[in-house]
Amino acid sequence: QQPHLIQSQLQPAAMGAPIFGAVLLCLVLAAAAVPEQQPTLPSSSAANSSTGVNSNSVLVALLDSHYTELAELVEKALLLQSLEDAVGRGNVTIFAPRNEALERDLDPEFRAFLLEPRNLRSLQRLLLFHVLPSRLHSHSAWPASTARMTLSGEHLQLSADGQKMLVGTAEVTRPDAVVRPDGVIHGIERLLVPRSVQEDFNRRRSLAAISAVLPTGAPEVDPRTHRLKKPAPPVPLGAPPVLPVWDAMAPGPSIAPAPAPGPGSGKHHFDGHSQVKDFIQTLVLYGGYNELADILVNLTSLATEMGRLVSEGYVLTVLAPNDEAMARLTTDQLSEPGSPENILYYHMVPEYQTEESMYNAVRRFGTVRYDTLRLPQKVTAREADGSVKFGHGEGSAYLFDPDIYTDGRISVQGIDAVLFPPVEDTAKSGGASPVRKAPAVTGTAKPKLRRGQYTTRSEKTKTKNRS
């Protein structure tokens, strides 16, 4: 019975052995899985990247410092995340311009260029040009002359001139203004502009991107004769040339291109008001001719009259004085009857002339007189200093900005002074009505004979008696 009892006791134990082994195996696996879960806890660096930078960071100090203008530009340029990543990789050095350099000393046009949404990349490159991906203290050995790579990818020249520490061409006015464990801020006297941003700013006036320079559907102009091109009719083989000799000749200075067919002919090709609007918009975008654009649109109705003339098939050449020339106008000149309409009428030539055609004319004929919309006054042009000079005496003006706008119907040529007819100058000097007198012959000078005419015997006798 005793062996049977032992066997009956061992039998349930043997049956529970697999269950006990399975439970033990589960406990071992659970214990082994506990240390594997520990590395998934966030580390200190991961916690900093997820919750932001440390409160003692140099970026927080920059946002809370008195360099408020620079901090505002950093926020507008969306650079906080990029600077946080740079600080996370290592120490940085920030060169911060003073607020006055960004408020009053900075060119307003350059500031407006930086704040335009389409120039966000230029603003980001400008600001990252002020950040070095390394720590640089003033009490340490400041480099005498070296180039350091900035976060913008361009090199920044660091140098020392005696006791002065220079960053590019700007002097460090407040060295070690802010010192933090992950970086340092030095105050500099003005903004640093990299070459790439300066090139972007210089290309802003490129008229290649302005659709108003060559509107869609503008007529083609022959560059040789400055006339509108017309489609040539088909010519059968062996026929004489269709182009007559007169059309092949270059027009003289007094011959304006024939007006193209306008709305009155039933073709309705030209929308003069749209073309005038495009040329005024080009003046504004070109820069330096805002006063003329303001007078054309707001102070007078000349823009409407020009649009009507162009719609009727006429062509115009506008001699546009720049803003500096318009600023030299006196109150007496602007208060005269008919001003400023008469002034601008004298600057509009009812011909289509370009800088090349006017220069070729003055080179060929010496002095050229163009009709103006201020009848019967004419504006005189001649060659001077390799350019075209309008007017005479102190009231003359040079062709300053050639071909600002040329679309085959309206041509705009920038000049550096406001032109006045010679009659007005004579009236201002005290004469009621100008009287032209023949030049007196003095000494042994002989009168200049007209080209192409024979001298009669009586004229020879008069010339001999005078001498």
Going by side-chain hydrogen bond (donor to acceptor under 3.5 Å, both in side chains), name the residues that satisfy it together with [X], two or more places apart in sequence or in a different chain.
X	value
Asp323	none
Ser152	Thr150
Thr93	none
Thr331	none

Worksheet item: Between the side chains of Glu116 and Asn119, is a donor N or O closer than 3.5 angstrom to an acceptor N or O?
Response: yes

Worksheet item: Do Asp403 and Gln413 have a side chain donor and acceptor closer than 3.5 Å?
Response: yes

Got a sec, which residues hit side chain to side chain contact (heavy atoms under 4.5 Å, CB included) with [X], two or more places apart in sequence or on another chain?
X	result
Leu115	Leu73, Lys76, Arg111
Thr173	Glu189
Arg190	Ala101, Thr169, Ala170

With sequence neighbours excluded, residues passing ring-ring contact (aromatic ring centres under 6.0 Å, His included) with [X]:
X	value
Tyr359	none
Tyr289	none
Phe110	Phe201
His137	His139

Item to complete: Spell out, as yes or no, whether a donor-acceptor pair under 3.5 Å connects the side chain of Thr406 to the backbone of Ser411.
Response: no

Fill in: Donor-acceptor under 3.5 Å (Gln333 side chain, Thr330 main chain)
yes

Worksheet item: Is the shortest distance from a Lys or Arg side-chain nitrogen in Arg125 or Asp200 to a carboxylate oxygen in the other one below 4.0 Å?
Response: yes

Sequence neighbours excluded and cut-off under 3.5 Å, please list the side-chain donor-acceptor pairs for residues 156-163, or say none.
| unit_1 | atom_1 | unit_2 | atom_2 | d |
| --- | --- | --- | --- | --- |
| Gln157 | NE2 | Ser145 | OG | 3.1 |
| Gln157 | NE2 | Thr146 | O | 3.4 |

